[in-house]
Amino acid sequence: MKKLFKTHETYVALTVIALCLVIGIINPVFFSAPNIVNLFRNATVNGIMAFALMMGIIIGGIDVAFPAVAVCSMYLTTKTLESMGYDGPVFIPILAAALIGTLLGLINGLIITKFDLPAFIVTLGTSSLYHGLLVWLVGSKPVNRLEPPLEAFGKMEIFRVTNDTTSAALPWTFVFMVAMALVVWFILNKTMLGRTIFAIGGDRTSAERAGYPVKRTIVFTYTFIGMAGGLAGIIHAIQSQMCIPTDLMGCEMMIIAAVVLGGTTISGGRGTVLGTCLGLAVITIAKNSLILVGITATWQRFVLGLIIVIGTAVSAYQALRASRKIAPVMTEEEEGGVVNG
Amino acid sequence: MKKILAMLLALMMVLSLAACGAKAPAEEPEAPAADAPEAEAPAEEAGESYTIATVVKLTGVAWFDRMEVGVNRFAADHPEHDVFQTGAATADPAEQVRVIEDLIAQGVDAITVVPNSTESLEAVLGKAMEQGIVVVAHEASTIQNADCDVEAFVNAEYGDHFMGKIGEMMGGEGQYTTFVGALTATSHNEWVDASVARQEAEYPNMELISNKNETTENEETAYTKTKELLTAYPELVGFQGSAMTDVPGVGRAIQEAGKQDSTVVIGTSLVSVAGKYLEDGSIDMISFWDPAEAGYAMNELALLLLEGGKIEDGMSLTAPGYQNLKLDGKVLYGSAWIDVTKDNMGDYDF
């Protein structure tokens with residue numbers, strides 16, 4: 001029990017519960033089955049990106065190029081399908097988008113490791129490079145109607161819940177988020193690769209001296225984030241039933257917020273899939289419940305920001321207290337983490 | 001070594017950005033540039049043939065591709081003049097300044113322009129006017145350095161028109177909500193404010209809830225907000241969209257909920273974007289102004305001014321929707337919105 005209250009996840013979970021209670025008391029409709037199903041659906045695209053990005057943050061880096069990677073993948077894929085009038089199985093375009101993402105992520109990883117440059121600057125650069133190239137070479141005309149296989153897949157439901165006023169369905173695209181969470185959990189907890197990622201994030205020099213394949217692991221991590229970006233992009237297009245090449249651009253901040261809220265330290269070395277799930281829950285609930293609570297449009301951004309700051313502060317403060325008790329030497333570093341978060 | 005590489009990377013970023021903007025306009029004006037001297041020589045002799053360039057915000061997007069249709073139609077209707085459309089490949093004001101400077105250097109007779117940012121074009125347009133070039137603007141009612149500006153409609157009248165339809169279709173009863181692309185988008189806010197004002201005056205039994213939901217011009221956001229609104233307000237009937245992607249997002253949520261017949265969804269969009277939801281009544285009506293007619297009207301005005309004509313209140317052009325124009329300062333307002341329902345959506349292929 002005592003141990004439970006020491007983990008970061010507990011405090012994020014308490015934040016989620018508090019948030020749900022406050023919203024539910026103001027408007028009980030929040031707890032209705034269709035609303036909850038909608039929340040899960042709305043978390044899908046962000047979730048795919050958040051779980052992968054978490055690995056990048058644990059390793060002590062950051063990636064801000066994944067929205068651009070997502071846009072490139074979804075737009076190139078849907079545009080190609082449109083021009084060829086594609087009518088084959090749906091997994092081929094999804095695979096193609098993931099491959100495009102993998103390639104772009106690999107480029108990020110190679111630039112970062114080959115030249116030993118800060119990941120933030122590199123991905124900031126490639127983000128505008130990828131998106132710029134896309135708009136220059138392919139244009140920006142939206143794909144308004146997806147090809148039938150994608151359109152049909154977007155409308156496939158795992159199940160549907162109905163009450164007397166409304167109904168909501170969980171689409172099959174949701175499975176991709178669950179799969180991504182499981183894959184990331186497996187890599188981080190059950191493989192040597194995962195141990196290497198934590199080791200690099202904890203102390204890169206020590207990891208190098210201990211003989212971990214540092215550069216290779218970093219390249220893998222950014223490639224994986226690219227793959228997840230590509231997947232998230234095509235899932236976004238499938239869910240919205242159209243593809244606009246400016247969508248998703250600028251979503252990186254919310255995703256980083258979700259990961260950091262979930263207890264992943266921005267300086268690396270620590271993070272869990274469960275924590276990111278909870279961080280994602282805070283962001284998704286906050287973004288999709290402000291109308292329910294009756295907050296006017298002009299105040300919504302402010303309240304969303306407030307929830308993120310409070311959510312991060314609650315868990316970060318706890319981490320700070322814990323570290324003061326255990327190891328006073330660590331305090332400074334932890335404080336740095338709080339400010340960044 | 002590391003520093004050099006960092007600099008190289010930074011350079012690469014800058015170049016990539018520059019390259020994005022540079023290619024298309026460099027290609028496009030080539031043809032007119034070659035033609036210009038030939039076209040101008042007879043102009044001085046006969047005094048009749050003019051070169052009119054239309055500069056759009058950016059090329060390669062649906063909206064301005066459509067505008068080019070109108071510009072090309074004007075060119076076909078006036079074969080004695082050299083009429084063409086150009087623009088940068090990105091919506092970057094600096095690129096647009098460069099395109100206009102190129103046109104001034106080429107010695108065009110008139111420039112019609114849809115500015116990315118009105119303020120940042122004032123200097124270069126002032127330079128154009130000093131050299132005797134006629135300048136006609138569109139979507140730039142605050143512009144100083146232009147002979148005139150032509151707008152498709154008065155924003156307030158457009159919003160008022162929306163509420164006329166929504167109020168009528170809702171029978172003056174029930175809850176309705178509004179969407180804007182951004183809380184800072186002037187035109188969207190003017191449309192919604194005018195619409196709400198008319199509702200308050202004319203349909204007192206209608207109730208506005210959750211005014212100006214912000215969609216960040218994102219279809220998915222419009223969709224998730226609509227789902228949330230339907231959850232929070234099960235009685236909600238009316239939806240007014242502003243950004244092109246608002247009503248498609250609303251329509252998708254309505255379609256999924258099977259509420260096509262019990263809701264009224266009206267807003268600005270294009271048939272290519274909203275068509276699939278107009279078909280089954282998920283969206284009831286969309287309105288827009290045809291960029292082709294705006295392009296045609298700008299060129300008509302430019303030619304009129306080149307031929308020594310004057311702009312005046314109540315004047316009419318031949319482009320549909322630009323008759324009996326209202327003059328305010330140097331801004332001419334038309335009433336050029338087009339209403340599209342599933343019955344006439346086949347007439348528009350953009």
Side-chain angles (χ1 to χ4, degrees), chain A residues 27 29-30 32 34-35 38 41-42 45 111 114-118 121-122 124-126 128-142 144-145 151 155 164-169 236 239-242 244 246-248 250 287-298 300-301, chain B residues 1-2 5-6 8-10 12-13 16-24 58-62 65 89-90 177-180 183 209-214 216-221 223-225 227-235 244-245 248-249 252 256-259 270 272-276:
Chain A
N27 191 344
V29 172
F30 176 78
S32 70
N35 187 54
N38 274 336
R41 180 210 169 271
N42 294 346
V45 172
I111 297 177
K114 272 266 181 285
F115 307 127
D116 210 7
L117 291 167
I121 302 299
V122 171
L124 196 64
T126 54
S128 95
L129 194 130
Y130 294 158
H131 197 247
L133 268 179
L134 182 79
V135 173
W136 175 30
L137 295 176
V138 193
S140 56
K141 206 171 168 177
N144 292 311
R145 214 179 258 262
E151 192 180 329
K155 288 182 176 164
D164 42 338
T165 53
T166 183
S167 83
H236 172 81
Q239 279 197 347
S240 22
Q241 301 274 300
M242 66 194 302
I244 303 175
T246 49
D247 274 8
L248 294 177
K287 272 192 91 166
N288 293 284
S289 306
L290 298 180
I291 294 175
L292 284 184
V293 181
I295 294 167
T296 57
T298 33
Q300 284 179 9
R301 276 176 196 226
Chain B
M1 186 63 186
K2 203 168 152 185
L5 283 166
L8 272 176
L9 194 75
M12 199 163 81
M13 278 164 65
S16 77
L17 283 174
C20 300
K23 195 193 168 194
L58 75 165
T59 56
V61 295
D65 285 350
T90 54
T177 188
T178 63
F179 294 82
V180 293
L183 288 167
I209 52 155
S210 192
N211 194 21
K212 293 183 187 172
N213 297 294
E214 194 178 21
T216 62
E217 308 254 344
N218 187 323
E219 195 259 4
E220 176 75 8
T221 311
Y223 168 83
T224 53
K225 295 232 170 182
K227 298 273 273 188
E228 196 187 337
L229 283 161
L230 287 173
T231 308
Y233 306 97
E235 308 291 315
M244 189 177 76
T245 46
R252 185 152 61 88
E256 272 184 29
K259 290 194 166 186
L270 289 176
S272 59
V273 185
K276 57 183 169 182

A.B. asks: Taking all atoms of both residues into account, what is the closest heavy-atom pair of B:Lys276 and A:Asn144, and its distance?
C.D. replies: NZ-O, 2.7 Å
A.B. asks: For A:Ser240 and B:Glu220, work out which heavy atoms get closest and say how close.
C.D. replies: CB-OE1, 3.6 Å
A.B. asks: Can you say whether B:Ser210 sits under 4.5 Å from chain A via the side chain, the backbone, both, or neither, judging by heavy atoms?
C.D. replies: side chain
A.B. asks: Heavy-atom distances under 4.5 Å only: say whether B:Thr221 touches chain A with side chain, backbone, both or neither.
C.D. replies: neither
A.B. asks: For the pair B:Lys227 (side chain) and A:Ala168 (backbone), establish whether a donor and an acceptor sit closer than 3.5 Å, ignoring hydrogens and angles.
C.D. replies: no
A.B. asks: Just how far is it from atom CD of B:Glu256 to atom CG of A:Asn38, taken to the nearest 0.5 Å?
C.D. replies: 8.5 Å
A.B. asks: Out of curiosity, B:Arg252 CZ to A:Gln239 CD, how far, rounded to the nearest 0.5 Å?
C.D. replies: 8.0 Å
A.B. asks: Which bit of B:Lys259 is near chain A, if near means a heavy-atom gap under 4.5 Å: side chain, backbone, both or neither?
C.D. replies: side chain
A.B. asks: Most heavy-atom pairs under 4.5 angstrom with chain B, which of A:Thr166, A:Thr246, A:Asp247, A:Val293?
C.D. replies: A:Asp247
A.B. asks: Below 4.5 Å, heavy atoms only, C-beta onward: do A:Gln300 and B:Glu214 meet side chain to side chain?
C.D. replies: no
A.B. asks: Could you tell me which non-hydrogen atom of A:Ala297 sits nearest to which non-hydrogen atom of B:Leu183, and how far apart they are?
C.D. replies: O-CD1, 3.6 Å
A.B. asks: What part of A:Asn288 gets closer than 4.5 Å to chain B, counting heavy atoms only: side chain, backbone, both or neither?
C.D. replies: both
A.B. asks: Checking heavy atoms, do the side chain of B:Asn211, its backbone, both or neither come under 4.5 Å from chain A?
C.D. replies: backbone
A.B. asks: Rounded to the nearest 0.5 Å, what's the gap from CZ on A:Arg301 to OG1 on B:Thr216? Could you check?
C.D. replies: 7.5 Å
A.B. asks: Of all the heavy-atom pairs spanning B:Glu228 and A:Ile291, show the shortest one and how long it is.
C.D. replies: OE2-N, 2.8 Å
A.B. asks: Heavy-atom distances under 4.5 Å only: say whether A:Leu292 touches chain B with side chain, backbone, both or neither.
C.D. replies: both
A.B. asks: With side-chain contact (heavy atoms from CB on, under 4.5 Å) as the test, would you mind laying out the steps for A:Thr296 and B:Lys212 before giving the verdict?
C.D. replies: CA-CA 8 Å; A:Thr296 57; B:Lys212 293 183 187 172; over 6 Å; no
A.B. asks: Heavy-atom pairs under 4.5 Å with chain A: which of B:Gly249, B:Ser272, B:Ala257 has the most?
C.D. replies: B:Ser272
A.B. asks: Pick one of side chain, backbone, both or neither for A:Thr298, based on which atoms fall under 4.5 Å of a heavy atom in chain B.
C.D. replies: both
A.B. asks: Between A:Gln241 and chain B, which part of the residue has a heavy atom less than 4.5 Å away: side chain, backbone, both or neither?
C.D. replies: both
